[in-house]
Amino acid sequence: MVLALYRKYRPATFAQVVGQEHVTEPLRASLRAGRINHAYLFSGPRGCGKTSSARILARSLNCAAGPTDEPCGECNSCIALAPNGPGSVDVVELDAASHGGVDDARELRDKAFYAPAESRYRVFVVDEAHMVTTQGFNALLKIVEEPPEHLIFIFATTEPDKVLPTIRSRTHHYPFRLIPPKPMRALLEKNCEAEGIPVEPAVYPLVIRAGGGSARDTQSVLDQLLAGAGPDGVTYERAVALLGVTDVTLLDSLVDGLAATDGSSVFGTVERVVEAGHDPRRFASDLLDRFRDLLLLQAVPGAAERGLVAVPEDQLATMDKQARDLGQATLTRYAEILHTGLTEMRGATAPRLLLELLCSRMLLPSSSDTESAVLQRVERLERRVAAGVPAAAAQPGQAQEQAPPERPKYQRPSERAAAAPAPEPAAAPAAPEPPAPEPAPEPAVSEPAPEPAAPESAAPEPAVPQPEPVAASTPEPAPEPQPEPAPRPEPAPEPEPVRAPDPEPVAGQVPPTSTGTMDAAGVRSVWSEVTSALRERSRPVQAMLAAATVQSVEGNTIVLAHPAAPLVRRLSEPHNVEVVAAALTDALGGTWQVRWVHGDAAAPAQQAAPPKQKPSFEPPKRTQRREPDPEPPPPEPEPEPPEPPEPMDDESMLAEAARPMTDEERANQRTPEDEAIDLLTEHLGARKIGGDE
């Protein structure tokens with residue numbers, strides 16, 4: 001049978017005790033000065049060296065060269081009290097867990113009066129002293145208070161508060177502590193070198209964390225790994241599988257997803273954790289330790305060199321980047337959420353669900369109005385500005401928001417009539433006056449001549465000069481005598497400034513402008529703000545974007561991917577594209593275009609043609625057809641409304657109601673009662689009863 005590591009490498013002197021200098025130094029000084037007390041109380045966590053220090057103290061007291069702080073190791077007492085020695089009759093170890101009654105205490109008291117057989121002192125080591133009953137302590141009280149000169153008591157306990165106060169007040173109390181990671185790693189490396197088994201450097205932090213600061217527990221874990229080591233020694237993969245520790249790649253994946261606010265990456269990592277068989281509680285605990293390390297790396301310069309963070313060198317660079325990506329406020333909030341969640345996961349029936357809820361809380365700082373959530377949102381805004389979206393870029397975004405109400409897509413007839421009130425009344429009386437025949441051929445011919453030249457130079461469109469030749473042909477029958485048509489060229493160029501801005505706002509997508517330098521990671525970091533802006537603009541579009549991810553940024557075009565092809569087609573509609581682009585402008589500033597793709601495909605999910613087909617408005621063309629309307633001989637009748645009826649506003653409806661009806665319209669006008677009688681007669685064979693029959 002192989003001897004356990006914690007027994008094989010048990011310290012034999014105070015100099016070999018690791019991580020307890022605050023106890024060993026005063027004890028060695030008292031031994032050198034010869035100030036020996038009659039009772040000692042060693043307290044502290046399990047496996048930190050209390051019982052070993054009690055044996056070393058007994059060995060130092062009974063050494064032939066002593067009392068000394070450095071036992072010789074050659075005398076009979078030193079050999080008998082060595083870590084693997086047979087023991088001495090003058091040094092008695094008692095386990096109070098099984099000998100804590102009053103009878104055991106009386107028996108110990110009776111034996112204590114006998115002088116030592118071969119040593120200088122008779123030493124009683126009472127382990128687990130807190131298990132001694134009150135009656136037992138009372139039986140020992142007198143001898144502990146006034147013992148013989150050859151008698152020394154050493155009490156060792158993990159719970160000093162349970163030791164009777166009258167006993168505790170008569171002892172020198174030395175509290176032991178957990179061993180820090182740095183001296184613990186030096187101890188483990190020394191033991192592995194003595195065993196001759198190679199161990200990967202990344203294994204030591206896992207072993208130290210599993211041991212929890214206890215030297216005995218840590219060496220027991222290492223002993224288990226050494227027993228199952230292969231030809232290559234103890235590898236990181238085998239240690240992770242054997243100890244049940246979360247793989248560092250899973251922690252890196254989840255932290256990177258949180259830094260990019262990428263929900264698909266975060267919840268995908270949780271799925272991998274569950275599929276790998278890891279306990280969600282253990283994963284949450286390891287993630288909390290990671291956030292603690294990141295906080296120290298960000299807050300303390302040189303934290304790794306000072307031993308505050310125990311991670312391998314190759315992993316330190318990755319953690320430094322993660323600490324820079326996540327600010328202190330964000331890390332603090334994440335740690336608070338996990339700490340609270342760990343208490344909720346204790347005894348939970350669905351720990352995976354609770355872990356996913358914790359991740360969703362970390363991804364959505366806007367869901368909470370706490371101070372930490374507000375600090376995280378402010379910090380996210382600062383990082384967004386530092387990522388390449390300057391504060392000045394918000395001004396074009398504000399101008400973009402104010403621009404849509406100002407740009408007119410088209411004008412209704414009533415608006416066009418109100419926009420040009422002067423030319424219309426002048427042209428209307430000019431039509432009824434042609435019946436007065438007064439010969440003036442020469443000026444009439446000279447007037448229409450400049451008409452084609454003026455519109456050609458003023459308007460670039462060829463459609464504008466076409467009505468003028470019609471006006472030139474109309475003077476042939478009778479309207480020649482009038483020189484008043486001279487003002488007619490003026491209304492022709494008037495509508496053109498109204499039509500000129502129409503094609504510009506009709507462009508399907510938002511025109512590109514300078515947006516600064518922004519990559520896909522920067523967009524992902526503010527994606528939650530984009531979804532918040534979408535919620536204000538269109539809740540259906542925001543719901544369809546639940547599974548969308550940012551694939552890439554190409555100039556001022558953001559490529560978004562969605563796993564569902566039907567939703568890609570729906571989101572590629574021009575109206576939805578404009579809504580998403582407006583939300584991106586609200587969150588990022590500047591002006592952006594949006595392109596949708598299905599899954600990871602590179603083919604665009606929409607084309608440029610559909611957006612341009614949407615606003616092909618016809619009202620400007622109808623205004624061109626209306627211009628020659630006043631020229632025909634009948635002055636009053638207005639043309640029939642165009643086939644595609646456009647929505648009429650209150651002005652148009654009032655104008656239509658005020659228009660006088662013609663004789664033909666009055667003759668053909670039918671009342672609702674007439675329509676109802678015709679339907680009953682035609683379909684039901686009804687017959688009208690009354691005077692009309």
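Remark: Phe291 engages Tyr334 in a ring pair (Phe, Tyr, Trp, His ring centres under 6.0 Å) (not counting sequence neighbours). The salt bridge (Lys or Arg N to Asp or Glu O under 4.0 Å) test applied to Glu237 returns no partner, not counting sequence neighbours. Partners of Glu275 under the side-chain hydrogen bond (donor to acceptor under 3.5 Å, both in side chains) rule, at least two apart in sequence or in another chain, do not exist in this structure. Residues satisfying the salt bridge (Lys or Arg N to Asp or Glu O under 4.0 Å) criterion with Asp320, sequence neighbours excluded, are absent altogether.
If you take CD on Glu336 and OG1 on Thr332, they are separated by 6.5 Å, rounding to the nearest 0.5 Å. The distance from the CG atom of Leu338 to the CZ atom of Arg333 is 11.0 Å, given to the nearest 0.5 Å. Note that the CD atom of Gln551 and the NE2 atom of His562 stand 13.5 Å from one another [nearest 0.5 Å]. Annotation: the span from Ser572 atom OG to Leu560 atom CG amounts to 10.0 Å, rounded to 0.5 Å. In this structure, Thr318 OG1 and Lys321 NZ are separated by 8.5 Å, a value rounded to the nearest 0.5 Å. The CH2 atom of Trp596 lies 8.5 Å from the CE atom of Met544; values are rounded to the nearest 0.5 Å.
Closest heavy-atom contact between Val577 and Val594: CG1-O, 4.0 Å. Considering every non-hydrogen atom in both Arg281 and Ala348, the closest pair reads NH2-O, 3.0 Å. Counting all heavy atoms, side chain and backbone alike, Ser538 lies closest to Val579 at CB-CG1, 3.9 Å. Annotation for Ala582 and Arg537: closest pair CB-CZ, 3.4 Å, computed over non-hydrogen atoms. Closest heavy-atom contact between Leu342 and Ser285: CD2-N, 4.0 Å. For Ala548 against Trp527, the heavy-atom pair with the smallest separation is O-NE1, 4.3 Å.
With a 4.5 Å cut-off on side-chain heavy atoms, Leu287 and Val255 count as touching. In this structure the side chain of Val541 never reaches within 4.5 angstrom of the side chain of His575, judged on heavy atoms. At least one side-chain heavy atom of Arg595 sits less than 4.5 Å from a side-chain heavy atom of Glu554. For the pair Leu288/Phe283, no side-chain contact is recorded, criterion being any heavy-atom separation below 4.5 Å from C-beta on. In this structure, the side chains of Leu331 and Gln298 come closer than 4.5 Å at one or more pairs of heavy atoms. The closest side-chain heavy-atom distance from Val523 to Leu588 is below 4.5 Å.
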Carefully, step by step, assess Val266 and Glu356 under the rule side chain to side chain contact (heavy atoms under 4.5 Å, CB included). CA-CA 9 Å; Val266 171; Glu356 291 173 341; over 6 Å; no
Taking it one step at a time, do Gln593 and Ile558 satisfy side chain to side chain contact (heavy atoms under 4.5 Å, CB included)? CA-CA 6 Å; Gln593 291 182 347; Ile558 297 179; over 6 Å; no
Show the numbers, then the answer: is there a side chain to side chain contact (heavy atoms under 4.5 Å, CB included) between Cys359 and Leu254? CA-CA 9 Å; Cys359 293; Leu254 193 135; 4.3 Å; yes
Begin with the C-alpha distance, continue with both residues' side-chain angles, and end with the deciding distance and a verdict on side chain to side chain contact (heavy atoms under 4.5 Å, CB included) for Val568 and Val597. CA-CA 7 Å; Val568 170; Val597 297; over 6 Å; no
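Tested against Gln315, the residues Val248, Val309, Asp293, Leu251 include a single side chain to side chain contact (heavy atoms under 4.5 Å, CB included) partner, Val248.
Sorted by first and then second residue, the salt bridge (Lys or Arg N to Asp or Glu O under 4.0 Å) pairs involving residues 249-273 (not counting sequence neighbours) are Asp252-Arg290, Glu271-Arg352. Here salt bridge (Lys or Arg N to Asp or Glu O under 4.0 Å) pairs that include residues 541-550, with residues two or more places apart or in two chains, number zero.
No side-chain donor-acceptor contact under 3.5 Å links Ser264 and Thr549.
For His598 (side chain) and Pro563 (main-chain N/O), a donor-acceptor pair under 3.5 Å exists by modelled atom type. The backbone N or O of Ile337 lies less than 3.5 Å from no partner atom in the side chain of Thr340, so there is not a single donor-acceptor pair. One N or O on the side chain of Asp286 and one on the backbone of Thr246 form a donor-acceptor pair closer than 3.5 Å. Here the side chain of Ser532 pairs a donor or acceptor atom with the backbone of Ser528 at under 3.5 angstrom. Ser253 contributes no side-chain N or O that, together with a main-chain N or O of Leu250, makes up a donor-acceptor pair within less than 3.5 Å.
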